[in-house]
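To start, the structure under review is shown below, and the notes come after it.
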Amino acid sequence: MNPLLVTVAVPVPLYRGFDYLLPASLAAGARPGVRVRVPFGRRKLCGVIVRAPFERVDDSQDYRPLDAVLDDAPLLGAELLALCEWAAEYYRHPLGEVIAAALPGSLKHGDAAVLHRPQRWQLTPDGQQALATLPGRNRAQRSALEALQAGARGAGEWPVAPAIRARLVELGWVASVADDARQPAAVSDPLPLTAAQQLALHELEGGEQGFRVSLLEGVTGSGKTELYLRRLQASLDAGRQALVLVPEISLTPQLAQRLRERLGDGVLSFHSGMSEGEREQAWLAAREGTTPVIVGTRSAIFVPFARLGLIVVDEEHDASYKQQDGFRYSARDLAVVRAQRLKAELILGSATPSLESLHNAQAGRYRHVRLSERIHAQAPPRIDLLDVRKQTLAHGLAPPLLSALDRCLEAGDQALLFINRRGYAPILLCHACGWQAACAHCDARLTVHRGRSRLICHHCGAQQPLPRGCPSCGAAELMPLGQGTERIEQALLNRYPRKRIERLDSDRLGRRHELQRLLDDVRARRVDVLVGTQILAKGHDFPNLSLVGIVSADQALYGADFRAIERMGQLVTQVAGRAGRAGQRGEVLLQTHEPDHPLLRLLVERGYAGLSAALLNERREARLPPFSHLALLRAEARDAAPPMHFLAAARELLLPLRGLQVMEPIPSGMERRAGFVRAQLLVQAEQRSALQSALAAIVPRLTELARGVRWSIDVDPADLF
DNA sequence: AGCACGCCGACT
DNA sequence: GTCGGCGTGCTC
């Protein structure tokens with residue numbers, strides 16, 4: 001018999017498969033999904049077997065034997081492996097890298113997959129006694145013991161420094177006990193449903209079981225989460241697990257906590273803010289079936305489950321579900337694929353659904369479940385356009401907005417100001433000679449950050465100290481032009497010295513618990529005005545806002561990207577939705593220089609539903625997604641010519657293929673970025689399959705053409721820059 | 001992506 | 001005379 005070979009996916013950016021000789025001694029355990037250690041060039045890599053062993057037939061090729069089989073049982077089950085293969089095909093990304101993206105760090109590098117038995121820390125009788133007699137100076141020990149007594153349960157929920165814990169164990173005051181019987185602790189009762197919720201729940205539950213997608217379109221405050229909870233409970237009751245995706249790390253603790261209160265403490269999180277160890281344990285627990293629910297961000301779509309029955313994608317319109325570099329997958333779209341393959345239920349929830357999902361719902365592929373009433377029966381916030389033309393702006397704020405703020409704060413209410421720009425000002429200008437602070441590596445201006453006293457490029461991260469005078473003409477005074485969150489915050493601090501003004505943007509999200517503390521302060525009404533970027537639009541709940549000011553959304557109106565207005569509508573609607581308290585209508589002011597823009601008027605008069613309907617019509621006319629399918633071929637290099645030449649050659653390869661419309665290669669929106677000159681080629685197809693086969697056909701040739709050019713394929717690009 | 005091999009400038 | 005610059009070539 002001929003020797004056996006196995007195909008191994010190795011984590012390298014190569015589109016070819018690599019076959020290895022399978023030593024007879026290792027043949028028993030070699031199955032798809034099992035990790036192996038293989039020699040690769042001069043190094044050793046951890047790869048995954050992706051095909052059942054097969055007999056060697058050709059003698060022309062030399063093979064190297066694999067070193068070791070790392071798993072007794074496949075680490076990637078058939079379902080997850082198939083999902084990875086599907087994603088690699090669809091997104092035209094090397095399978096080895098896709099699998100690497102699906103594995104938590106430590107497992108990716110070949111560490112043994114060991115699920116620690118859940119353990120729980122417990123006060124011993126000695127510990128009980130010690131707590132009573134412990135001298136007051138042992139503060140750390142005391143508070144740790146008190147936390148345990150107060151009912152901290154899982155190991156992760158007992159906040160104690162490892163050194164203190166070790167000491168307490170040594171003293172015999174605490175002990176760990178196995179916690180297999182994860183009794184659902186402190187499970188609270190479901191909230192009563194409104195009539196509208198009941199109706200919606202009925203629609204979600206009804207009809208054919210098995211694979212189904214529901215687009216749950218519910219305005220802010222309509223109680224989508226309670227419906228998720230009902231479906232999650234039903235899934236758990238049926239003995240199946242569930243996956244809940246959220247767009248942002250900062251939303252996981254909040255939601256995970258709420259799920260734990262209702263579904264028990266088996267609910268685990270999965271996101272990049274966790275340590276590798278924590279992520280690995282959550283991943284393994286889901287795979288074993290020992291955790292009923294995972295709440296996570298984009299990458300959690302690759303968590304394996306023993307019996308997944310339900311996926312919820314919250315805020316499904318959110319662009320963060322699309323990975324923007326490397327393996328450019330959409331977790332929301334993969335959720336559809338995964339649910340279909342598993343015959344599972346999928347709920348896509350949003351107050352402002354993406355045009356793609358709306359289109360799918362209208363085409364009958366998704367159930368369209370609407371929740372149009374807010375629970376507390378407030379009127380939905382009305383958005384008023386504030387024409388700022390010819391008005392004197394103070395740091396970008398027009399007098400009517402300022403007087404609305406005055407009234408709001410006098411009444412002791414809270415206000416929120418939204419501006420989608422970090423920093424103090426996006427431009428630093430010399431009034432004497434016209435010089436502007438520009439990035440040395442990008443075609444971009446540097447943003448003034450007053451607090452840190454620096455100029456920062458928001459595209460490549462380059463920084464420099466804030467210059468004292470003009471570097472070009474020496475004039476003493478430089479003018480910050482335009483506004484960011486920092487500047488609005490400053491202006492409000494000056495105007496309202498006795499009020500508490502807080503800023504919320506990614507610059508402030510450094511420390512782990514800071515966001516949580518800030519949000520708590522806002523909810524407890526210790527903050528009067530909150531100034532922030534789109535983080536404010538992402539589902540955080542602020543129950544006491546009576547005024548929302550949107551400093552500007554005009555940029556989207558001039559934006560070159562065909563999705564700019566859709567995004568603006570989502571952002572504005574989401575931010576506006578934060579306004580209004582029980583029984584009181586919120587006020588929303590949207591500053592604009594284009595008060596007569598038809599799409600802006602549509603948004604204000606007919607809401608997101610009106611805007612999205614009009615945008616869908618435009619897309620249909622223009623044959624843009626979701627009425628066609630796009631792929632973007634990007635290229636970059638140190639010099640300007642190679643990317644264009646590469647793309648021109650790629651275009652030649654594509655032109656003879658059928659069912660495609662191939663544009664001319666063009667320089668990217670920001671041509672130079674982080675020292676690279678970038679260009680792109682847009683390919684459009686009516687049929688997804690035509691796009692797929694075209695890309696499949698040209699990838700091997702691209703590899704040959706790419707001399708000195710870095711390139712990537714973006715299937716279903718989120719933006720065309 | 002790594003990692004090596006391979007030929008041309010400023011240093012112990 | 002060497003250390004090292006990154007160009008390009010390969011990885012079963």
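Residue numbers start from 1 in every chain, and the chains themselves are labelled A, B, ... in the order their sequence lines are given, proteins ahead of strands.
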Interface residues of residues 37-55 of chain A with DNA chain C (non-hydrogen, below 4.0 angstrom): A:Pro39, A:Phe40, A:Gly41

Integer-rounded Å distance: B:dA1 P and A:His109 NE2: 15 Å

Whole-Å distance separating the CZ atom of A:Arg710 from the C1' atom of C:dG7: 15 Å

Nearest-Å distance for atom pair CZ/P, residues A:Arg707 and C:dT8: 6 Å

Full working for side-chain contact (heavy atoms from CB on, under 4.5 Å) between A:Val38 and A:Asp67: CA-CA 5 Å; A:Val38 294; A:Asp67 287 343; over 6 Å; no

Heavy atoms of other groups near A:Gln463 CD, more than 12 under 6.0 Å: yes

Length of the line joining A:Leu14:CG and B:dC3:P, which is rounded to integer Å: 14 Å

Carboxylate-amine/guanidinium contact A:Glu79 A:Arg338, below 4.0 Å: yes

Ring-face cation of A:Arg710 near A:Phe676 (centre distance under 6.0 Å, axis angle within 45°): yes

Whole-Å distance separating the CG atom of A:Asp325 from the P atom of B:dA1: 12 Å

A:Arg51 to A:Phe54 six-membered ring, cation-pi geometry met (6.0 Å, 45°): yes

Between C:dC10 (P) and A:Phe18 (CZ): distance, integer Å: 13 Å

Length of the CG-C1' vector between A:Leu22 and C:dC12, whole Å: 13 Å

A:Glu248: partners by salt bridge (charged side-chain N to carboxylate O under 4.0 Å, His left out), with sequence neighbours left out: A:Lys538

Nucleotide nearest A:Tyr20 when distance is taken to its side chain, options C:dC12, B:dA1, C:dT8: C:dC12

Spacing of A:Leu705 atom CG relative to C:dG9 atom C1', expressed in whole Å: 16 Å

Sugar-phosphate, base or nothing in reach of A:Leu5, heavy atoms under 4.0 Å: nothing

